[in-house]
Enquirer: 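Okay, handing you the structure first.
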Number of protein chains: 2
Amino acid sequence: MSSPASPARGRPPRLDRARTLRTALDLLDRSGLDALTMRRLADAMDVQAGALYRYFATKQDLLTAMAERMMDGVADAAAGSGDWSEQLAALARAMRTALLAHRDGARVFAGTHSTGENTLGFADAVVGVMRAAGFPDDDAARALHTTVNFTVGHTLEEQAALQPGSSSPDVLAGAVAAGAYPHLAASLPALTSTDFTRHFEFGLAVLIAGLRARR
Amino acid sequence: MSSPASPARGRPPRLDRARTLRTALDLLDRSGLDALTMRRLADAMDVQAGALYRYFATKQDLLTAMAERMMDGVADAAAGSGDWSEQLAALARAMRTALLAHRDGARVFAGTHSTGENTLGFADAVVGVMRAAGFPDDDAARALHTTVNFTVGHTLEEQAALQPGSSSPDVLAGAVAAGAYPHLAASLPALTSTDFTRHFEFGLAVLIAGLRARR
DNA sequence: ACCTGAACACCGTTCAAGT
DNA sequence: ACCTGAACACCGTTCAAGT
């Protein structure tokens with residue numbers, strides 16, 4: 001029972017999961033997900049690429065661990081903040097904030113399926129809020145999916161739009177102007193607006209009103 | 001004015017956008033998105049990889065054209081099918097069906113931003129339904145985003161779960177059993193259910209009820 | 001005009017060998 | 001035990017040259 005936890009016998013390792021994860025999140029913030037390669041991460045740690053595979057079996061494993069780390073503390077957002085709808089809103093907002101805290105955070109999260117304690121703790125908190133509010137277990141589970149879907153989907157769009165090289169507004173405006181899309185033309189201001197918090201709050205309010213109606 | 005549309009002068013080209021797109025969608029269905037490389041696509045068309053770049057500037061361009069093609073006809077789903085809520089539901093269901101029609105269809109769509117007529121026509125139809133129902137232009141635009149977010153997000157999960165090698169249910173059940181997640185444990189049947197149509201219809205009903213409450 | 005051939009600058013991953 | 005060095009089997013993209 002001392003083999004995995006034995007004290008440093010030879011030289012101290014230059015690598016370990018925690019330090020690698022920190023460096024990977026730093027690199028993500030500086031360079032974005034497309035530039036986060038195992039080779040570049042190894043460079044940032046002054047190590048050969050192959051050495052990373054002692055701590056993460058695959059790149060997918062590393063990304064999953066990064067997503068799990070991003071969710072640290074998010075489950076605590078509901079603590080005593082009013083009724084179920086306010087608690088659900090607090091959890092969704094905290095998740096959006098956590099994803100926004102890292103460049104391409106939503107893409108990292110969307111591409112993984114963590115079953116770590118932060119992610120499952122968050123899910124448990126959401127389902128707990130719904131069950132306490134009187135929703136059947138099945139509906140509570142489905143409300144979790146809908147809430148996470150919405151939050152991740154929204155933040156994916158938000159971070160895609162904010163990134164350099166995203167010419168979305170102009171391109172969209174041009175395409176709408178060139179074609180026969182009367183309804184898109186009429187709603188173009190909101191369609192090309194970058195007030196993402198308003199978009200998010202609209203969707204969240206719709207989601208909560210819909211859940212309330214189904215209780 | 002005859003230069004781009006001039007009749008075949010030399011040998012007939014082995015490549016063109018339409019044929020390449022068809023082959024790419026075939027390859028996607030047979031092998032999945034991860035195996036859809038420019039080199040493998042070129043192989044399937046008996047051509048060198050570089051030749052594809054005469055018709056698509058980048059791989060991203062090709063994927064965008066594929067997404068656009070998947071959306072063919074989806075905008076017509078709302079034609080005279082009851083009130084606004086039934087029309088919105090019909091559009092969302094048609095989009096899910098269109099994405100499910102191709103392996104990794106949701107991933108392809110989520111990774112692109114088509115401004116083609118199928119995609120914009122669908123968006124115009126959704127916004128049109130909402131405006132006709134009396135929603136303000138801004139809310140109609142935001143309802144579009146919420147609806148597309150939900151539909152793509154749901155179908156992403158659905159296709160991820162249905163794919164080979166996706167051990168989601170067991171892994172999740174194991175993780176929930178190992179940790180202290182009372183609410184997840186209680187709702188595990190719904191959480192691990194593969195009746196995705198029910199999940200989708202639940203979210204859609206919540207979305208529509210929420211929109212109705214805000215009108 | 002359309003495609004080939006070959007290169008450029010990369011990837012993730014594996015694994016014998018060193019220390 | 002931990003990491004290096006080097007390889008394997010690929011990528012997307014570019015572009016001179018052929019036909």
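Each chain gets a letter, A, B and so on, in the order its sequence line appears, and its residues count up from 1.
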Enquirer: Return the orientation label for the A:F150 and A:F200 ring planes: parallel under 30°, perpendicular over 60°, tilted otherwise.
Expert: parallel
Enquirer: Looking at A:R96 and A:T155, would you say the former's side chain and the latter's main chain have a donor-acceptor pair under 3.5 Å?
Expert: no
Enquirer: Decide side chain to side chain contact (heavy atoms under 4.5 Å, CB included) for A:M66 and A:L28; before the verdict, give the C-alpha distance in whole Å, the side-chain angles of both, and the deciding distance to 0.1 Å.
Expert: CA-CA 10 Å; A:M66 291 169 70; A:L28 177 70; 3.9 Å; yes
Enquirer: Taking atom P of C:dC11 as reference, at what distance in whole Å does atom CG of A:L52 sit?
Expert: 13 Å
Enquirer: Can you measure A:Y53 atom OH to D:dT4 atom P for me and round it to whole angstrom units?
Expert: 15 Å
Enquirer: For D:dA1, does OP1 or OP2 lie under 4.0 Å from any side-chain N or O of A:Y55?
Expert: no
Enquirer: Output the rounded distance in Å from CG (A:L62) to P (C:dG12).
Expert: 10 Å
Enquirer: Write down the distance between CG (A:D46) and P (D:dC3), rounded to a whole number of angstrom.
Expert: 12 Å
Enquirer: Quickly work out the A:D61 CG to C:dT13 C1' distance and round it to whole Å.
Expert: 13 Å
Enquirer: Which base, if any, makes a Watson-Crick or G-U wobble pair with D:dA1, both distances under 3.5 Å?
Expert: C:dT19
Enquirer: From the set C:dC11, D:dT14, D:dT4, return the single nucleotide nearest to any side-chain atom of A:V47.
Expert: D:dT4
Enquirer: Whole Å only: how far is the CG atom of B:D34 from the C1' atom of C:dC11?
Expert: 14 Å
Enquirer: Counting just side-chain N and O atoms, does A:R39 come under 4.0 Å of either OP1 or OP2 of D:dA6?
Expert: no
Enquirer: Roughly how many Å is it from CE in B:M45 to P in C:dT4, rounded to a whole number?
Expert: 11 Å
Enquirer: For the side chain of A:Q48, counting heavy atoms from C-beta on, which of D:dG5, C:dC2, C:dG12 is nearest?
Expert: D:dG5
Enquirer: Take atom P in C:dC10 and the same atom in D:dA9, then report the distance between them in whole Å.
Expert: 22 Å
Enquirer: Just compare D:dC11, C:dC2, C:dT4 and give me whichever is closest to any side-chain atom of B:R40.
Expert: D:dC11
Enquirer: Round to the nearest Å and state the distance from B:R54 atom CZ to D:dT14 atom C1'.
Expert: 12 Å
Enquirer: Applying the Watson-Crick and G-U wobble criteria at under 3.5 Å, what pairs with C:dA7? Answer none if nothing qualifies.
Expert: D:dT13
Enquirer: What nucleotide among D:dC3, D:dG12, C:dC11 has an atom nearest to a side-chain atom of A:R14?
Expert: D:dC3
Enquirer: Which of the following nucleotides, D:dG12, C:dG12, C:dT13, is nearest to the side chain of A:T37?
Expert: C:dG12
